[in-house]
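First the structure, in the form of structure tokens, and then the observations on it.
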Amino acid sequence: MPRLLRERAPAKINLTLHILGRREDGWHRLESFVAFSRTGDLLSFVEDQPLALSIEGPTAPAAGNIADNLVLRAARHFAESFPGAKLGAFHLVKRLPVAAGIGGGSSDAAAALRLLARANGVSLDDERLIAAARKTGADVPVCLAARARMMRGLGEELGPLLKLPPLIGLIVNPGAPLETRHVFARMNIPPGGSTAFGGHPELSSGMHVEDLVGALGKGRNDMESAACRLAPIIGDVLAVLSAAPGCRLARMSGSGATCFALFKDCKSAARAKKAILRAHPGWWVKSCVLN
């Protein structure tokens, strides 16, 4: 009987996002510390079936054309890297918002690669698997391990996995899709140009939560200002989160429009979630533990 395998595809949260400049070929150079939620989309896989993808879930209608989905793109790149590999049928339960700055599509693609690796006895450290992830998208390699680490360059330069204390927070999306390319265009960094906005704070495994939050507070998201001009509601989200009792840090993730806040404890986060949903019932608000 064909096996049924499942993988979580958690949200990727850019706790910091420094844009260092723009290469001559137009791609932007970044330095970002990312962490992952413990919940998100759910991807199932039935092996030894024709390659296929079906999608359901609350945010499935926004997922676009199935034929262009990153899950199928990742599977095709896996097949190129591993000729004769077993493929199969995928089913995605889509819960994360789309075009939201939390790497939902990239995380789905990474989950597909993990499932295919399990089905074919491939190690997650296999260079061919990592190459397939790079071909699929800039954020897919960091999503393979789905653990906190630094990412640099175009996203392909990955630092070591870092052990973090649990970070309690909220992830909030106001329902305003925002494409990364539009935010970069608004930043208007010329090809070959550098930003010189400042260096990244030092982060290491085993940091005490107070030290970690303090260090993160010295970082920033360089895309936040441009994103707020394109979608002013992001400023409203950040203001609401910053004003919540117990909030230690509020910042936009990725290119937006999703924002996150870190709280001192679960009770503070729960109270904030309840208050935000009462005032803004149309917003997507999820509790999270980041690691």
Side-chain angles (χ1 to χ4, degrees), residues 1-12 23 25-30 32 34 36 40-57 60 63-96 98-99 102-161 180-181 254:
M1 291 291 291
R3 288 187 300 169
L4 172 64
L5 306 176
R6 292 187 176 91
E7 280 280 340
R8 296 281 182 185
K12 175 184 68 67
R23 304 191 322 187
D25 62 7
W27 291 96
H28 292 79
R29 295 182 294 109
L30 60 85
S32 178
V34 300
F36 291 82
D41 297 340
L42 178 64
L43 187 64
S44 302
F45 173 74
V46 179
E47 61 184 8
D48 294 328
Q49 299 288 321
L51 179 60
L53 171 65
S54 56
I55 307 177
E56 65 171 325
N65 187 345
I66 286 181
D68 296 329
N69 193 278
L70 287 178
V71 168
L72 291 179
R73 193 181 305 176
R76 294 186 185 107
H77 288 144
F78 184 91
E80 292 171 3
S81 297
F82 299 92
K86 291 187 294 184
L87 300 180
F90 293 95
H91 181 72
L92 176 63
V93 180
K94 191 71 184 164
R95 300 187 180 107
L96 298 175
V98 176
I102 53 176
S106 296
S107 191
D108 294 341
L113 291 174
R114 291 195 301 272
L115 286 166
L116 289 167
R118 285 170 59 191
N120 289 276
V122 173
S123 168
L124 294 184
D125 296 328
D126 193 304
E127 284 298 329
R128 295 169 295 175
L129 182 69
I130 296 170
R134 290 194 185 111
K135 289 181 183 178
T136 305
D139 280 348
V140 180
V142 78
C143 292
L144 268 180
R147 293 276 306 282
R149 69 198 314 174
M150 290 293 302
M151 57 186 296
R152 297 180 175 86
L154 305 182
E156 81 283 6
E157 301 173 24
L158 301 181
L161 297 176
T180 301
R181 61 190 177 93

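Treat the numbers as computed from the prediction; the structure is a model and nothing was measured.
- The CG atom of Asp139 sits 10.0 Å away from atom CG of Leu70, with the distance rounded to the nearest 0.5 Å.
- No side-chain heavy atom of Arg3 sits less than 4.5 Å from a side-chain heavy atom of Val46.
- If you take NE2 on His77 and NZ on Lys135, they are separated by 6.0 Å, rounding to the nearest 0.5 Å.
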Problem - Residue pair Glu156, Met151: steps toward the side-chain contact (heavy atoms from CB on, under 4.5 Å) verdict - result: CA-CA 7 Å; Glu156 81 283 6; Met151 57 186 296; over 6 Å; no
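- At distances below 3.5 Å, at least one donor-acceptor pair connects side-chain atoms of Asn120 with backbone N or O atoms of Lys86.
- Of all non-hydrogen atoms in Leu158 and Gly155, the two that sit nearest each other are CD2-O, 3.4 Å.
- With values rounded to the nearest 0.5 angstrom, Thr136 atom OG1 is found 5.5 Å from Leu113 atom CG.
- Screening residues 123-134 for side-chain hydrogen bond (donor to acceptor under 3.5 Å, both in side chains) gives Asp126-Arg128 as the qualifying pairs, with residues at least two apart or on separate chains.
- From Ser54, atom OG reaches atom CG of Leu92 across 8.5 Å, with rounding to the nearest 0.5 Å.
- Between the side chain of Ser107 and the backbone N or O of Pro10, at least one donor-acceptor pair lies under 3.5 Å.
- Nearest heavy atoms, Leu5 versus Arg118: CD2-NH2, 3.5 Å.
- The nearest pair of heavy atoms linking Pro141 to Gly137 is CD-O, 3.3 Å.
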Practice task
Assess whether side-chain contact (heavy atoms from CB on, under 4.5 Å) is satisfied between Leu87 and Leu116, documenting all intermediate values.
Solution key: CA-CA 7 Å; Leu87 300 180; Leu116 289 167; 4.0 Å; yes
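- Taken to the nearest 0.5 Å, the CG atom of Leu72 stands 8.0 Å off from the CD1 atom of Ile66.
- Salt bridge absent: Asp41 and Arg8 never bring a charged side-chain N and a carboxylate O closer than 4.0 Å.
- When all heavy atoms of Ala133 and Leu144 are compared, the closest pair comes out as CB-CD1, 4.0 Å.
- To the nearest 0.5 Å, the span separating CG on Leu124 from CZ on Arg114 amounts to 7.5 Å.
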Exercise for the section: Evaluate the criterion side-chain contact (heavy atoms from CB on, under 4.5 Å) for residue pair Leu4 and Glu47; output intermediate values, then yes/no. Expected result: CA-CA 7 Å; Leu4 172 64; Glu47 61 184 8; over 6 Å; no
Handout entry: Val142/Arg149 under side-chain contact (heavy atoms from CB on, under 4.5 Å): CA gap, chis, key distance, verdict
Key = CA-CA 8 Å; Val142 78; Arg149 69 198 314 174; 3.7 Å; yes
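- In terms of heavy atoms, Ala148 sits closest to Phe36 at N-CD1, 4.5 Å.
- Put simply, the side chain of Arg76 reaches to within 4.5 Å of the side chain of Leu51, judged on heavy atoms.
- Other residues, nucleotides and ligands contribute only 12 or fewer heavy atoms inside 6.0 Å of the CZ atom of Arg6.
- Using a cut-off of 4.0 Å between Lys/Arg side-chain N and Asp/Glu carboxylate O, Lys94 and Asp108 are scored as salt-bridged.
- In this structure the side chain of His91 reaches within 4.5 angstrom of the side chain of Glu56, judged on heavy atoms.
- Of all the heavy atoms in Ala119 and Phe45, the pair that sits closest is CB-CE2, 3.8 Å.
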